Every structure is written in structure tokens, then in C-alpha cells.
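The block underneath contains the structure these notes are about, expressed in C-alpha cells.
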Number of protein chains: 2
Amino acid sequence: MKLSKTEEELMSHLWKLEKAFMKDLLEEYPEPKPATTTVATLLKRMTDKGFVGYELFGKSRRYFPLVEKTAYFSKHVNGLIKNFFNDSSSQFASFFTKETDLSKKELEELRSIIDQQIKKK
Amino acid sequence: MKLSKTEEELMSHLWKLEKAFMKDLLEEYPEPKPATTTVATLLKRMTDKGFVGYELFGKSRRYFPLVEKTAYFSKHVNGLIKNFFNDSSSQFASFFTKETDLSKKELEELRSIIDQQIKKK
DNA sequence: TTTATTATTCTACAAATGTAGAGGTAAAAT
DNA sequence: ATTTTACCTCTACATTTGTAGAATAATAAA
């Protein structure tokens with residue numbers, strides 16, 4: 001089972017906040033914000049799909065993610081990336097670093113991460 | 001306008017082949033292959049959406065992509081990545097290099113790409 | 001306590017998606 | 001010339017998605 005585009009967007013807010021009431025989630029949206037009922041519907045669907053859980057606080061709910069961002073990403077987005085880059089991660093990685101405009105500092109940071117990984121091999 | 005998941009999959013075959021008849025595209029699918037009419041429907045929808053063009057060869061068509069893979073990727077997939085990584089490309093990049101299992105050679109290749117980019121800054 | 005706020009479920013509905021049969025035609029194989 | 005193959009359009013239909021109003025209940029503010 002997977003999330004739709006809009007559900008993913010909502011999920012990203014939830015991952016960011018970690019725990020949140022509807023109100024908090026609504027606030028995360030830029031104008032024009034969706035109707036509360038829209039978000040409520042989304043939350044219900046996501047709960048049904050097993051991606052979101054909640055604890056009751058009185059009568060209302062504090063929602064939280066039931067799947068980790070990185071797990072979700074690996075499972076769903078990596079597949080997409082593979083599709084695009086004929087299964088070559090490095091092909092993708094080099095594309096990505098070329099396309100996105102990383103600052104010098106970010107690039108250096110990234111290089112040091114790569115160096116560490118090279119050491120491990 | 002964007003492509004749906006299955007349309008994206010078909011598109012990835014088209015990007016790979018560059019030019020292809022229906023038959024060639026069908027062959028790209030693993031078993032169990034979809035019905036020809038399914039692929040035909042998809043191709044029609046994608047043509048209507050402006051992602052695919054074709055030249056007539058007698059009565060049948062040789063299809064080709066009307067958008068470049070990298071352009072499509074930047075426009076549609078980067079948004080998703082941003083969603084996940086709170087807009088930090090480097091955060092994503094480091095996640096990605098950690099998660100995907102790149103070989104030593106690939107990592108070194110990637111490092112040299114990054115080095116080149118650092119030089120440009 | 002009357003009112004305003006907030007959250008939730010139900011219901012609704014158009015558009016998009018996934019999937020493919022039916023029917024027709026042109027081209028290729030026999 | 002007849003059969004087979006490939007391909008295209010139309011039609012169909014169940015699901016999923018995007019979006020939100022109506023109704024309801026609980027809570028907080030006045």
C-alpha cells in the first residue's frame with residue numbers, strides 16, 4: 001500500500017512535527033489552506049492504510065507517523081529512482097549533485113560523508 | 001500535468017529505447033506483461049498529455065519521448081525529495097549515499113564529480 | 001449558558017487511474 | 001488469397017484521488 005501525492009505531503013508535515021493535532025497540521029500548509037474536512041479525510045484514509053496512528057487526548061487525537069520517513073523513502077521512492085536511472089544509483093547520484101544547486105559547504109560536507117564510506121569498503 | 005505511476009514506468013522504457021514501436025515497449029515489461037490494449041491506452045493518454053510523440057511508419061507509429069528524463073525528473077521528483085528532506089538537498093544526498101549500496105568504484109566516481117563541482121565554486 | 005471553535009464521521013462527486021475487451025484495418029506470412 | 005499478427009480507437013468499469021459540505025459532539029470562551 002502506498003500514499004498518494006497529497007497524502008505524502010501531509011505525511012511530510014507529520015514527520016516533521018512528529019506528533020500533531022489536526023490544527024497543527026493545518027497550520028503547516030501554505031495559503032490557500034485546504035478545508036479542515038479535507039485534511040480530516042486524508043488523515044482518516046492514512047490511518048486506514050496504516051501509515052498514521054494517534055493517541056486520544058480527551059476527545060481529540062494527537063496523530064503520529066507509524067512508518068519512518070527513511071523506510072518509506074527506501075521502499076517507495078528508490079523504486080522510482082531506479083526506474084529513471086536504469087538501476088544505477090551512482091548515475092542518479094551524479095545527476096542529482098549536478099542538478100541541485102548545492103553550496104560549496106554542502107558539497108564539502110557530502111564529500112566527507114562519501115570519504116567515510118569509502119574507508120569502510 | 002504529470003504522469004501517473006504506470007505511465008512513468010512506460011515512460012522509463014521509452015527513455016531507454018529512445019524510439020520504439022508498441023511491440024518493443026511491450027517486450028520491456030517483465031512477466032506478466034500487461035495486455036497490448038493497456039499499453040495502447042497508456043500511450044494514447046501520454047500522447048494527449050504531451051509527453052509522447054510519434055512518427056508514422058506506414059500505418060503504425062514509432063513513439064518517442066517529448067520530454068527529457070532529466071527535465072521531468074527535476075520538475076516532478078525533486079519536489080518530492082524536497083518534501084521528504086525539508087528542502088535540504090544535501091541532507092537528502094547524504095541519506096541517499098548511505099542507504100543505497102554503492103560500490104567503492106562508484107563512490108570514488110561520485111567523489112570526483114563532487115570535487116569538480118567544488119572547484120567551480 | 002449561549003456562542004464560537006475545533007475535530008470527526010458521513011456522504012458526495014467529478015476526475016484520474018489501472019486494466020482490458022470488442023471491433024476494425026493494414027501489413028506480413030503462408 | 002487467406003490467415004495471422006500487430007496496432008489503433010472506443011467503450012467500459014471498478015478504484016482511487018482530490019476536495020469539501022452537512023451533521024454532530026465536545027470544548028472553550030464570553
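The figures that follow rest on heavy atoms only: side chains count, while hydrogens, waters and symmetry mates do not. Every chain is numbered from 1, with letters handed out A, B, ... down the list of sequences. Note that the coordinates shown come from a computational prediction; the quantities given were computed from them, not determined experimentally.
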Practice task
For DNA chain D, note the earliest and the latest nucleotide, 5' to 3', having some atom under 4.0 Å of a heavy atom belonging to chain B.
Solution key: D/dC7 to D/dT9
Practice task
Report the distance from atom OG1 of A/T6 to atom CG of A/L10, rounding to the nearest 0.5 Å.
Solution key: 8.5 Å
Handout entry: Whether over 12 other heavy atoms sit under 6.0 Å from A/E68 CD
Key = no
Practice task
Mind checking B/A35 for me? I need base, sugar-phosphate or nothing, with any heavy atom below 4.0 Å counting as a touch.
Solution key: sugar-phosphate
Handout entry: Short N-O contact, B/E28 and B/K16, less than 4.0 angstrom
Key = yes
Exercise for the section: Classify the nucleic acid contact of B/R45 as base, sugar-phosphate or nothing, counting any heavy atom under 4.0 Å across all strands shown. Expected result: base
Practice task
Looking at every strand, decide which applies to A/Y63 at a 4.0 Å heavy-atom threshold: base, sugar-phosphate, or nothing.
Solution key: sugar-phosphate
Practice task
Would you indicate what B/K2 reaches in the nucleic acid, counting non-hydrogen atoms under 4.0 angstrom: base, sugar-phosphate, or nothing?
Solution key: nothing
Handout entry: Rounded distance (Å) that lies between atom P of C/dA20 and atom CG of B/L42
Key = 11 Å
Problem - Euclidean distance, atom NZ of residue A/K44 to atom C1' of C/dT8 [Å, nearest integer] - result: 9 Å
Problem - Closest-nucleotide ordering on DNA chain D, the 5'-leading residue of A/T38 and A/L3 - result: A/L3
Handout entry: Exceeds 12 heavy-atom contacts within 6.0 angstrom, atom NZ of A/K119
Key = no
Problem - A/E55 CD to C/dA7 P, straight-line distance once rounded to whole Å - result: 16 Å
Handout entry: For B/K33 against B/E27, the heavy-atom pair lying closest together
Key = NZ-O, 3.4 Å
Problem - Shared hydrophobic cluster for A/F21 and A/M46 (ILVMFWY, side-chain gaps under 4.5 Å) - result: no
Exercise for the section: For the pair A/W15 (side chain) and A/T70 (backbone), establish whether a donor and an acceptor sit closer than 3.5 Å, ignoring hydrogens and angles. Expected result: no
Exercise for the section: Scan B/S4 against the nucleic acid and name what it touches under 4.0 Å (heavy atoms): base, sugar-phosphate only, or nothing. Expected result: sugar-phosphate
Exercise for the section: For B/T41, answer base if it contacts any base atom (sugar-phosphate contacts may also be present), sugar-phosphate if it contacts only those atoms, and nothing otherwise; contact means non-hydrogen atoms under 4.0 Å. Expected result: base
Problem - same_hphob_cluster(B/L56, B/L43) at 4.5 Å side-chain heavy-atom cutoff - result: yes
Practice task
Would you please confirm or rule out a distance under 4.0 Å between OP1 or OP2 of C/dT19 and any side-chain N or O of B/Y29?
Solution key: no
Practice task
Decide whether A/L66 and A/L17 are clustered together by the hydrophobic rule: side chain heavy atoms of Ile, Leu, Val, Met, Phe, Trp, Tyr closer than 4.5 Å, transitively.
Solution key: no
Problem - Positive for side-chain contact (heavy atoms from CB on, under 4.5 Å) with B/Y63, one of B/H13, B/M22, B/K19 - result: B/M22
Completion exercise
Rounded to 10°, the angle between the first-five-pair and last-five-pair axes of the helix from C/dT1-D/dA30 to C/dT30-D/dA1 is 10°
Exercise for the section: Just call it for A/T6: base, sugar-phosphate, or nothing, with non-hydrogen atoms closer than 4.0 Å on any strand. Expected result: sugar-phosphate
Completion exercise
When rounded to whole Å, the NZ to C1' distance for the pair B/K33 and C/dG18 reads 18 Å
Handout entry: Neighbour count >12 (heavy atoms, 6.0 Å) for atom NZ, B/K2
Key = yes
Between the protein and nucleotides 23-27 of chain C, are there any N/O to N/O pairs under 3.5 Å, and if so, what are the atom names and distances?
none

Practice task
Would you kindly confirm whether A/V52 and A/F64 end up in one hydrophobic cluster when ILVMFWY residues are joined by side chain heavy atoms under 4.5 Å apart?
Solution key: no
